Q: 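One structure, pasted below without further comment.
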Amino acid sequence: MPEGHTIHRLARDHHRDFAGERLTVSSPQGRFVDGAKLLTGRTLKSVEAHGKHLFYNWSAGKTLHVHLGLYGKFRLHRPPIPEPRGQVRLRVVGSEKAFDLNGPNTCRVITAKERAAVQARLGADPLRDDGDFEQVWSRIGSSRAAIGTLLLNQSVIAGVGNIYRSEVLHLLGIHPETPGQSLDRQQINSLWSELKALLEIGVKYNRIIIAEPSEIGKPRSRMNRDERLLVYKQPVCSRCDTEIEDWLLGGRRVFACPKCQLR
DNA sequence: TTGATTGTTACCGG
DNA sequence: TCCGGTAACAATCA
């Protein structure tokens, strides 16, 4: 479900909806009981996103680390709060709203040291102010691995997932199997700035919207739901009508136009 | 019931 | 050390 845009939006919304008040934290299915005990009755101070990771900073210096993985999902509630649906790992209840967390890859209370270790393994995040292009350039420009694999590696760029990797490479006409070190600085710079722009659009509209450069700025009707992805799971190329190819790269299905994205 | 999935980690071998 | 491949884990839905 989530790439970086979803996570940053969640951080923003959860901060808006829950920060500053005493919260009740529980673990309806009995998992994460110790963590829930540590947090309940405390105040949420801030919520921060780095790539696909969420860090909830609570009073008394506690940090809740959440990673949704493939299946993780938040459900937002208003009173009356419904019965838990499925395996609810974490339930947070405030005065106006509540949320449940199902199926996360990670949900745990961590120390400042553990948090630093998590973030040390994450690369630059295009949605963060501290996202550093020089770090991205040095990682990609010196690697023999395929750019399609590097874009999924969260220690290279944090927040890109399987949809954005295919879409950004298609927009820039780069073949996914191209080794990172055979891209020039200009191309890597374009990758970085394009990802930043795409992710910001994703945060704004709460879904992934890929527009052809020629479509940007045109009336909304040109950007309807059918046009939001240009290669990912598409039958033909939006530019040249050639059949889209797909294969496994880095353990995930990648999509590319054989004509617009030459090796 | 089967297959697929907007993810990550650990481990092994080259 | 880098890099690719595989398995394991998480949960839901068509």
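Here is the naming used below: chain letters follow the sequence lines, and residue numbers restart at 1 for every chain. Predicted model only: the values in this text are computed from it and were never measured.
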Q: Under the side chain to side chain donor-acceptor pair (under 3.5 Å) rule, collect the residues that match up with A:T149, sequence neighbours excluded.
A: none
Q: Looking at A:N162, does any N or O in its side chain come under 4.0 Å of the phosphate oxygens OP1/OP2 on B:dG7?
A: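 So the side chain of A:N162 is outside the cut-off, no N or O lying under 4.0 Å from OP1 or OP2 of B:dG7.
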Q: Would you say A:H67 reaches B:dG7's phosphate, i.e. side-chain N/O to OP1/OP2 under 4.0 Å?
A: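 Looking at the OP1 and OP2 atoms of B:dG7, neither is under 4.0 Å from any side-chain N or O of A:H67.
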Q: Please state how far atom OH in A:Y71 lies from atom C1' in B:dT9, giving the value in whole angstrom units.
A: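 It is 14 Å, rounded to the nearest whole Å.
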Q: Between A:L152 and A:K233, which has a closest nucleotide on DNA chain B that is more 5'?
A: A:K233
Q: In this structure, how many angstroms lie between the C1' atom of B:dT8 and the CG atom of A:L122, rounded?
A: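 To the nearest whole Å, that distance equals 11 Å.
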Q: Heavy atoms only, 4.0 Å cut-off, all strands: where does A:R121 land among base, sugar-phosphate and nothing?
A: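 It contacts sugar-phosphate atoms only.
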Q: May I ask you to verify if any side-chain N or O of A:R252 is less than 4.0 angstrom from the OP1 or OP2 atom of B:dT5?
A: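 No, no such contact exists.
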Q: Tell me yes or no: between the side chains of A:R139 and A:Q135, is some donor less than 3.5 Å from an acceptor?
A: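 Short answer, no.
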Q: Using a cut-off of strictly less than 4.0 Å, decide whether A:K73 has a side-chain nitrogen or oxygen near OP1 or OP2 of C:dA11.
A: no
Q: Would you mind reading off the distance between A:L70 atom CG and C:dC9 atom C1', rounded to a whole angstrom?
A: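 It is 10 Å, rounded to the nearest whole Å.
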Q: In terms of side-chain geometry, is the basic nitrogen of A:R16 or A:D13 positioned less than 4.0 Å from the acidic oxygen of its partner?
A: yes
Q: I'd like a list of close polar pairs between nucleotides 3-7 of chain C and the protein, N/O only, cut-off under 3.5 Å.
A:
residue : atom : partner : partner atom : Å
C:dC3   : OP1  : A:S143  : OG           : 3.0
C:dC3   : OP1  : A:R144  : N            : 2.8

Q: Contact between A:K204 and A:H5 at the side-chain level, heavy atoms closer than 4.5 Å - yes or no?
A: no
Q: Name the nucleic acid region contacted by A:N105, choosing base, sugar-phosphate or nothing; use a 4.0 angstrom heavy-atom cut-off, strictly under.
A: base
Q: Please tabulate, one pair per line, all N/O donor-acceptor pairs under 3.5 Å involving side-chain atoms of residues 252-263 of chain A, not counting sequence neighbours.
A:
residue : atom : partner : partner atom : Å
A:R253  : NH1  : A:D246  : OD2          : 2.5
A:Q261  : OE1  : A:C257  : N            : 2.8
A:Q261  : NE2  : A:L169  : O            : 3.4
A:Q261  : NE2  : A:I174  : O            : 2.9

